[in-house]
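One structure is given below, encoded as structure tokens.
Sequence lines set the chain letters: A, B, ... in the order given, protein chains first and strands last, and positions in each chain run from 1. Side chains included, hydrogens not; waters and symmetry mates left out as well; all remaining heavy atoms used.
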2 protein chains.
Amino acid sequence: MQRYKCKVTYDGSQFSGYQVQPEKRTVQRDIELALQKIHKGEKVKISASGRTDAGVHAKGQIIHFDSSLQIPLEKWKVAINSLLPDDVAIIDVEKVASDFHARFDTTGKEYRYYVHLSKTRDPFKRSYAYHYPYPLDFISMKEAIKFFIGIHDFTSFCSARTEVEDRVREIKEIELIEEDGMLLFRFVGNGFLYNMVRIMVGTLLQVGSGDIEPYSIKEIIEKKDRKYAGKTAPPQGLYLWEVFY
Amino acid sequence: MQRYKCKVTYDGSQFSGYQVQPEKRTVQRDIELALQKIHKGEKVKISASGRTDAGVHAKGQIIHFDSSLQIPLEKWKVAINSLLPDDVAIIDVEKVASDFHARFDTTGKEYRYYVHLSKTRDPFKRSYAYHYPYPLDFISMKEAIKFFIGIHDFTSFCSARTEVEDRVREIKEIELIEEDGMLLFRFVGNGFLYNMVRIMVGTLLQVGSGDIEPYSIKEIIEKKDRKYAGKTAPPQGLYLWEVFY
């Protein structure tokens, strides 16, 4: 048996998220079906760095799987890609030690969130950015961002349906870049809770529009209650950009 | 009655082309349905600068229509867009003279064609560029382009199904730009025949891969027979970029 680590990119628009669900088209299902064909009908289970929701994209999702097939390393990518639909692709395959785990070994992740700021919507961006046609105060947003940086209990900034007990995470970096009518949020942290990036973005947009004061972020974090934070920004602006090990 | 000229953008991926066809989702149908709602059920016919095929995109398609409604000019765009699906949008509306015609008054058009040159396909480009993972000789392609420039009978470079009799067109400019793994062809001419840009691109890619000699373009044009030209490049790389009046 050899363990393989793969970097995967997908356009989440037509998927019901990453994780297998009965009767749904998911990224995990499509990759497992491709691997099953390569393994002549034998089921192959894959493990990812984490789930992504319906409509959320990935530029650098990481998965691993085990195989006893004697396929040269450089052939794996072409073999899997030839059996995958065109909205998901393997970018890179490498051999890893048998104790590598795509989920448990992560040391951090980068997510990006794109907001399209134009007054008029753009059909080409409809599935790839959140269209936000209202004015935003970037200075307030940058002020608010500072309160997220560091180690905090992010209970207020994760879905009320979050099952994990430990909601303490470290946000290492949040960058806000405006360019050509697009607003890009870069989030780097040691881990992110369910819907955490989307709730931080939704809240920051409410800071930018004056509904929430920048210094309120500190208080919202301290409340440890989802109901004090802002809206959950929609999925199509979100990209799992990179996973660190 | 007032005549209105509109600039329209659409992602052609989910449309069966521009022009109305029974039982099909087309751009013309969706815009006419939106206008019909604004006109309280009364049918409104629109005329475009020309058709685009299934999968072909537009950044600056031009249409016109007539209306007797007393709607302020600046409200038209918002009114129509609010009734259109999210893969088509009106960018601009202006009042024009009653004898303006979106098709008959055109003096030229710009089309762009995007080719994605990477070895590995990119899920985010699958509907927006032609994935071409083979090597290309740009010097040969630039050599070949020169033979297209000027006034020629383009019978060899239009679909055999083309119905118009006069196949003489002037190509004013063809630009080939390579940037970040994308190859962009810009075509400016006084008019283009059915499939003409896609056949020129398909032929130029065959020049780039060494199947066709650059100077053969001159001979292919002179044959006035579609069968001597190269393949028709697929629709998803093509954009109607601008229409000139």
Fill in the blank from the handout: Of all heavy-atom pairs linking Phe124(A) and Asp11(B), the shortest is CE2-CA, 3.7 Å

Practice task
Considering only heavy atoms, give the residues of residues 34-71 of chain A separated from chain B by less than 4.5 Å, sorted numerically, with 'none' for an empty result.
Solution key: His57(A), Ala58(A), Lys59(A)

Exercise for the section: Select one option (side chain, backbone, both, neither) describing which atoms of Arg121(A) are under 4.5 Å from chain B's heavy atoms. Expected result: both

Handout entry: Lys231(B) atom NZ, over 12 foreign heavy atoms within 6.0 Å
Key = no

Problem - CZ/Arg103(B): more than 12 non-hydrogen atoms of other groups inside 6.0 Å - result: no

Exercise for the section: Check whether any side-chain heavy atom of Asn81(B) sits under 4.5 Å from a side-chain heavy atom of Thr120(A), and report yes or no. Expected result: yes

Exercise for the section: Check the surroundings of atom CD in Glu74(B): do more than 12 heavy atoms from other residues, nucleotides or ligands lie under 6.0 Å from it? Expected result: yes

Exercise for the section: Tell me, yes or no, whether the heavy-atom count around Arg186(B) atom CZ, taken from other residues, nucleotides or ligands under 6.0 Å, exceeds 12. Expected result: yes

Practice task
Name all residues meeting the ring pair (Phe, Tyr, Trp, His ring centres under 6.0 Å) criterion together with Tyr114(B); count only those two or more places apart in sequence or in a different chain, and write none if there are none.
Solution key: Tyr239(B)

Problem - Portion of Leu84(A) that has a non-hydrogen atom of chain B nearer than 4.5 angstrom - result: both

Exercise for the section: Working to the nearest 0.5 Å, report the span between CG of Asp122(B) and CG of Asp87(A). Expected result: 11.5 Å

Problem - Closest non-hydrogen atom pair, Ala89(B) against Pro123(A) - result: N-CG, 3.7 Å

Completion exercise
When the 4.5 angstrom heavy-atom criterion is applied to Lys125(A) and chain B, the contacting part is neither

